[in-house]
Trainee: 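My structure is below; once you've seen it, I'll send some questions.
Predicted, not measured: the structure shown is a model, and the values here were computed from it. Counting starts at 1 for both ligands and their atoms, following the listed order.
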Amino acid sequence: MRGHAERLNGLGTTIFAEMSALAVATGSVNLGQGFPDTDGPDSLLEDAIAAIRAGANQYPPGRGIAPLRQAIVDHQKRFYDLSYDPDTQVLVTTGATEAIAAALLAFVEPGDEVIALEPYYDSYAAGIAFAGGRRIPITLRAPSYRLDLDELRAAITPRTKVLLINTPHNPTGTVLTDLELRGIRDLAVEHDLVVITDEVYEHLVYDDHRHIPLATYDGMAGRTVSIGSAGKTFSVTGWKIGWVTGSPDVVTAVTTAKQFLTYVSGSPFQPAVANALALGNDYFDGIRATLQSRRDLLANGLSDLGFEVHRPAGTYFITTDIRPLGHTDGIDFCRLLPERTGVVAIPTQVFYDNKEAGRPLVRWAFCKQEALLQEALTRLQKL
Ligand code: PMP
Ligand code: GLN
């Protein structure tokens, strides 16, 4: 048989699968792949069980069931004062991952350049490759991991079609500021670019930082593909219910691609997520407060162990520099860490094209119960 297509070259096995398998094989505390070790609210879980018993087990409508589309519209209005029509401006997807892939397939022609913030979530590289696009990274540099708008401007060429933005940003925890978002808007309008914005960590923002959706800026409504997901907000990463909002043309284009990827998404989870999106502010404030205190626990502990710690403004990941501990390469460090200490982390380098910028960086997930974070810190004392 002849070999696989070139578009798979370099994709290998995702680091998350590799590191979670290593965690299981070595009995390690897994602070690698980002998934919570407690499930979402009871009402959410019960609603999905009830939906299965009530027969929500066949194909739902292609764009998602009407109550979920309405709940997404209400959520965008309530938190951001954004208005959408539930029939033409919302699409339910199989997680944000499918939304990203479908959006790239919908807008990228072979040879088009897609500018993405580096380090980037690994499915971006695959999605761009599947669409035949060229990935152009803009590096968020240590120690602040801020976006350099001059660098972004300089990266735009006549072949640039899409800006792929992620805020709050995995893995650095950067939450883009109003100034940075305005800068992105100005460049997108000036160069007539499509902006795909992955905002799955929208509710996981700490201290006095604030998430501002790109779609709220003048000039963005017609060119923005906004992506959300229930996975992070409601601690159900395995349910894979995500969504896209945007102009009717944008949503139709993404739907056209999505219908031939999965056709439809998770029937019994849709009514449950619809109800969860309408939970009171106490839920959204609660998850933020819980995660903020876990961030502080892990950040302080890693700092006491000697790592240089970047305290994230959002997401549930902490990036550390391992050089103060005498190490230089995060991949070597993370491969040996389970055996040496019984803890798994992710080498951030794998999310960079510019490998040097990420070489000494390691990512730790803090969406875990406090006792487990404490256990990880105790184990890491062996370093
Ligand atoms: N985008 C980012 C930045 C992520 O970290 C993740 C995490 N898994 C996803 C998208 C994927 O979300 P989902 O599980 O809803 O596909
Ligand atoms: N988004 C999660 C992370 O960054 C996990 C995603 C995955 O396993 N594909 O760790």
Trainee: Just jot down the ligand 1 atoms closer than 4.0 angstrom to any heavy atom of Asn170, in number order.
Mentor: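 Near Asn170, meaning under 4.0 Å from one of its heavy atoms, ligand 1 has 3 (C), 4 (C), 5 (O).
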Trainee: Report yes if Ser229 has an N/O atom closer than 3.5 Å to an N/O atom of ligand 1; otherwise report no.
Mentor: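 Yes, Ser229 has an N/O under 3.5 Å of an N/O on ligand 1.
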Trainee: With a 4.0 Å cut-off on N to O distance, would you call Glu199 and Lys232 a salt bridge?
Mentor: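 Between Lys232 and Glu199 there is no salt bridge, as every charged N stays at least 4.0 Å from the carboxylate O atoms.
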Trainee: Taking only heavy atoms of Gly34, which atoms of ligand 2 are found under 4.0 Å from at least one of them?
Mentor: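 Under 4.0 Å from Gly34, ligand 2 has these atoms: 2 (C), 3 (C), 10 (O).
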Trainee: What is the closest protein heavy atom to atom 9 (N) of ligand 2, and at what distance does it sit?
Mentor: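 Here the closest protein heavy atom is Tyr121 OH, 3.2 Å.
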Trainee: Provide, to 0.1 Å, the distance between atom 9 (C) of ligand 1 and the closest protein heavy atom, together with that atom's residue and name.
Mentor: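 Looking only at protein heavy atoms, the one closest to atom 9 (C) of ligand 1 is Tyr121 CE2, 3.4 Å.
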Trainee: For the pair Glu375 and Lys368, find out whether any cationic side-chain nitrogen is under 4.0 Å from an anionic carboxylate oxygen.
Mentor: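 No, this pair does not count.
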Trainee: Pick whichever of Trp239, Tyr201, Tyr120, Phe317 has a heavy atom sitting closest to atom 5 (O) of ligand 1.
Mentor: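 Ranked by closest heavy atom to atom 5 (O) of ligand 1, first place is Tyr201.
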Trainee: Do the charged groups of Lys258 and Glu98 touch, with an N to O distance under 4.0 Å?
Mentor: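 So Lys258 pairs with Glu98 through a salt bridge.
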Trainee: Take every heavy atom of Glu98, measure it against each atom of ligand 1, and state whether any distance is under 4.0 Å.
Mentor: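 No.
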Trainee: Among all protein heavy atoms in this structure, tell me which lies nearest to atom 10 (O) of ligand 2, with the distance rounded to 0.1 Å.
Mentor: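 So the nearest neighbour among protein heavy atoms is Arg363 NH2, 2.6 Å.
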Trainee: For the residue pair Glu180 / Thr177, report whether a side-chain donor-acceptor contact shorter than 3.5 Å exists.
Mentor: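 Indeed, the side chains of Thr177 and Glu180 share at least one donor-acceptor pair under 3.5 Å.
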Trainee: With a 4.0 Å cut-off, would you call Arg153 and Asp186 a salt bridge?
Mentor: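 No, no charged N to carboxylate O under 4.0 Å.
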Trainee: Based purely on interatomic distance, does Phe16 place a nitrogen or oxygen under 3.5 Å from a nitrogen or oxygen of ligand 2?
Mentor: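 There is no such contact.
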Trainee: Between Trp364 and Phe307, is the ring centroid distance below 6.0 Å?
Mentor: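 Yes; Phe307 has its ring centre under 6.0 Å from that of Trp364.
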Trainee: Please list the nearest protein heavy atom to atom 14 (O) of ligand 1 with its residue and the distance rounded to 0.1 Å.
Mentor: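 So the nearest neighbour among protein heavy atoms is Lys240 NZ, 3.1 Å.
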Trainee: How many angstroms lie between OG1 in Thr157 and CZ in Arg134, if you round to the nearest 0.5 Å?
Mentor: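 Interatomic distance, Thr157 OG1 to Arg134 CZ, rounded to 0.5 Å: 8.0 Å.
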Trainee: Can you report which non-hydrogen protein atom sits closest to atom 8 (O) of ligand 2, along with the distance?
Mentor: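 Of the protein heavy atoms, Gln33 NE2, 2.6 Å lies nearest.
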Trainee: Whether the side chain of Ser303 engages the backbone of Ala299 through a donor-acceptor N/O pair (distance < 3.5 Å, no angle test) should be reported.
Mentor: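 Judged by distance alone, no pair lies under 3.5 Å.
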Trainee: State the atoms of ligand 2, each with its element, that fall below the 4.0 Å cut-off from a heavy-atom position in Tyr201.
Mentor: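 Within the 4.0 Å cut-off of Tyr201, ligand 2 contributes 1 (N).
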Trainee: Show the atoms of ligand 2 that are less than 4.0 angstrom away from any heavy atom in Phe317.
Mentor: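 Selected atoms, number and element: 3 (C), 4 (O), 10 (O).
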Trainee: Ala96 versus ligand 1: do any nitrogen or oxygen atoms come within less than 3.5 Å of each other?
Mentor: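 So ligand 1 has an N or O lying under 3.5 Å from an N or O of Ala96.
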Trainee: Among Thr315, Thr97, Ile227, Ile100, which one puts a heavy atom closest to atom 16 (O) of ligand 1?
Mentor: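 That would be Thr97.
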Trainee: Hey, do the aromatic rings of Phe79 and His211 have their centres closer than 6.0 Å?
Mentor: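 Judged by ring-centre distance (under 6.0 Å), Phe79 and His211 do not meet the cut-off.
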Trainee: Do you know which of Val189, Leu117, Leu147 makes side-chain contact (heavy atoms from CB on, under 4.5 Å) with Ile184?
Mentor: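 Of the listed options, the one satisfying the test is Leu147.
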Trainee: Could you see which bit of Phe351 sits under 4.0 Å from ligand 2, with heavy atoms only: side chain, backbone, both or neither?
Mentor: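 Contact part for Phe351 vs ligand 2: neither.
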Trainee: Between Lys232 and ligand 1, is there a nitrogen or oxygen pair with a distance under 3.5 Å?
Mentor: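 Yes; at least one N/O pair falls below 3.5 Å.
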Trainee: Kindly confirm or rule out an N or O of Asn170 lying under 3.5 angstrom from an N or O of ligand 2.
Mentor: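 Yes; at least one N/O pair falls below 3.5 Å.
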Trainee: Please confirm whether Lys232 comes under 4.0 Å of ligand 2, counting heavy atoms of the residue only.
Mentor: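 True for this residue.
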Trainee: Mark up the atoms of ligand 1 that fall under 4.0 Å of a heavy atom belonging to Asn166, in ascending order.
Mentor: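 In order of number, 3 (C).
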Trainee: Going by distance only, is there an N or O of Asp198 that falls short of 3.5 Å from an N or O of ligand 1?
Mentor: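 Yes - when backbone and side-chain N and O of Asp198 are compared with those of ligand 1, one distance drops under 3.5 Å.
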Trainee: Could you check whether Arg69 pairs with Asp87 (Lys NZ or Arg NE/NH1/NH2 to Asp/Glu carboxylate O, under 4.0 Å)?
Mentor: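 Yes, charged N to carboxylate O under 4.0 Å.
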Trainee: Geometry only, no angles: is Asp122 polar-contacting ligand 2 at N/O separations under 3.5 Å?
Mentor: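 In fact, backbone or side chain, Asp122 has no N or O that close.
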Trainee: So how far is it from Tyr201 OH to Phe317 CZ, rounded to the nearest 0.5 Å?
Mentor: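 Result: 3.5 Å between the selected atoms.
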Trainee: Got a salt bridge between Arg288 and Asp285, using NZ or NE/NH1/NH2 to carboxylate O under 4.0 Å?
Mentor: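 Judged by the 4.0 Å cut-off on N to carboxylate O distance, Arg288 and Asp285 do form a salt bridge.
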